[in-house]
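Below is one structure, written out as structure tokens; comments come after it.
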Amino acid sequence: MQFDVVTLFPELVESVVHSGVTGRAVERGIISLKSWNPRDYATDVHRTVDDRPYGGGPGMVMKADCLLQAIRAARQTNPGKVVYLSPQGVPLNQALAGKLASEDGLILLCGRYEGIDERIIALEVDMECSIGDYVLSGGELGAMVLIDAVARLLPGVLGHNESAAQDSFFDGLLDCPHYTRPEELEGLSVPAVLKSGNHADIARWRKKQALGRTWQRRPELLRARQLTDSERVLLDEYVNEFDRSTELH
Ligand code: 4FV
């Protein structure tokens with residue numbers, strides 16, 4: 001999968017493939033990352049990429065001309081969708097990451113200052129995407145988050161002992177708790193079922209924990225998801241145990 005990123009800070013974005021799972025994905029040739037700097041297309045002596053907003057007000061806006069050239073240069077070699085990272089975009093979640101992972105390539109557009117000239121969006125942007133309801137100083141961190149979330153869904157990126165299927169949100173639920181050695185940690189032990197070797201009981205416990213934690217922490221995710229009968233039984237069990245445990249305290 002080819003990722004092209006239009007950004008004033010290529011060194012920041014490129015760091016996402018300098019290590020870990022995404023770094024290995026580049027080594028394995030599963031993903032590629034190329035950045036395009038609009039400043040390289042600025043023609044004035046100061047290589048200006050921003051200008052004052054029409055209508056006045058604080059801050060600056062990224063100029064259209066050099067941004068358009070950078071986007072169109074990226075389009076020469078990447079047939080993929082142009083995604084503009086902005087707070088006005090559709091929220092990035094696991095389902096959207098899954099959809100984007102089926103694309104041949106993506107051109108990620110990173111804004112700076114107050115944002116980009118709106119006409120760029122009309123002319124070149126296929127999708128606006130937000131990584132969260134907060135304001136960043138640039139779209140670069142959003143682009144890096146998107147690259148990481150999408151890359152790990154591509155075949156061959158995660159090793160055999162890593163699996164996206166175990167990830168949170170893979171099936172719309174939060175993740176279950178994880179434990180590793182030592183068996184005792186400052187008086188805290190590992191749930192016995194996880195040491196039982198009974199894989200059916202372990203899978204049942206993990207699903208029950210995932211359902212229960214989703215019910216406690218992100219109930220809106222449960223409402224968005226149809227529970228199977230067996231999941232309903234597990235969740236009821238968890239809720240009853242939780243109620244009993246709170247009554248005791
Ligand atoms: C953002 C977000 C974000 C807005 C103005 C860059 C900043 C500045 N991008 N999800 N939240 N972008 O805050 O994606 O240009």
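Owing to the predicted nature of the structure, the values given are computational and were not obtained by experimental measurement. Whatever order the structure lists them in is the order used to number ligands and atoms, beginning at 1.
Residues satisfying the salt bridge (charged side-chain N to carboxylate O under 4.0 Å, His left out) criterion with Lys34, sequence neighbours excluded, are absent altogether.
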Side-chain donor-acceptor pairs of residues 47-59 under 3.5 Å, sequence neighbours excluded:
residue: Arg47; atom: NH1; partner: Arg39; partner atom: O; Å: 3.3
residue: Thr48; atom: OG1; partner: Asp44; partner atom: OD2; Å: 2.6

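Listed by first then second residue, pairs satisfying salt bridge (charged side-chain N to carboxylate O under 4.0 Å, His left out) with a partner in residues 184-199 read Glu183-Lys195, not counting sequence neighbours.
Annotation: ligand 1 has protein neighbours Leu85, Ser86, Pro87, Gly111, Arg112, Tyr113, Gly115, Cys129, Ser130, Ile131, Gly132, Tyr134, Val135, Leu136, Gly138, Gly139, each with a heavy atom less than 4.0 angstrom from the ligand.
Using cut-offs of 30° and 60° for the angle between ring planes, the Tyr238 and Trp215 rings count as perpendicular.
Separating the CZ atom in Arg213 from the CG atom in Leu174 is a distance of 7.5 Å, to the nearest 0.5 Å.
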Verdict with supporting geometry, Glu140 and Thr7, side-chain hydrogen bond (donor to acceptor under 3.5 Å, both in side chains): CA-CA 7 Å; Glu140 284 77 11; Thr7 171; 2.6 Å; yes
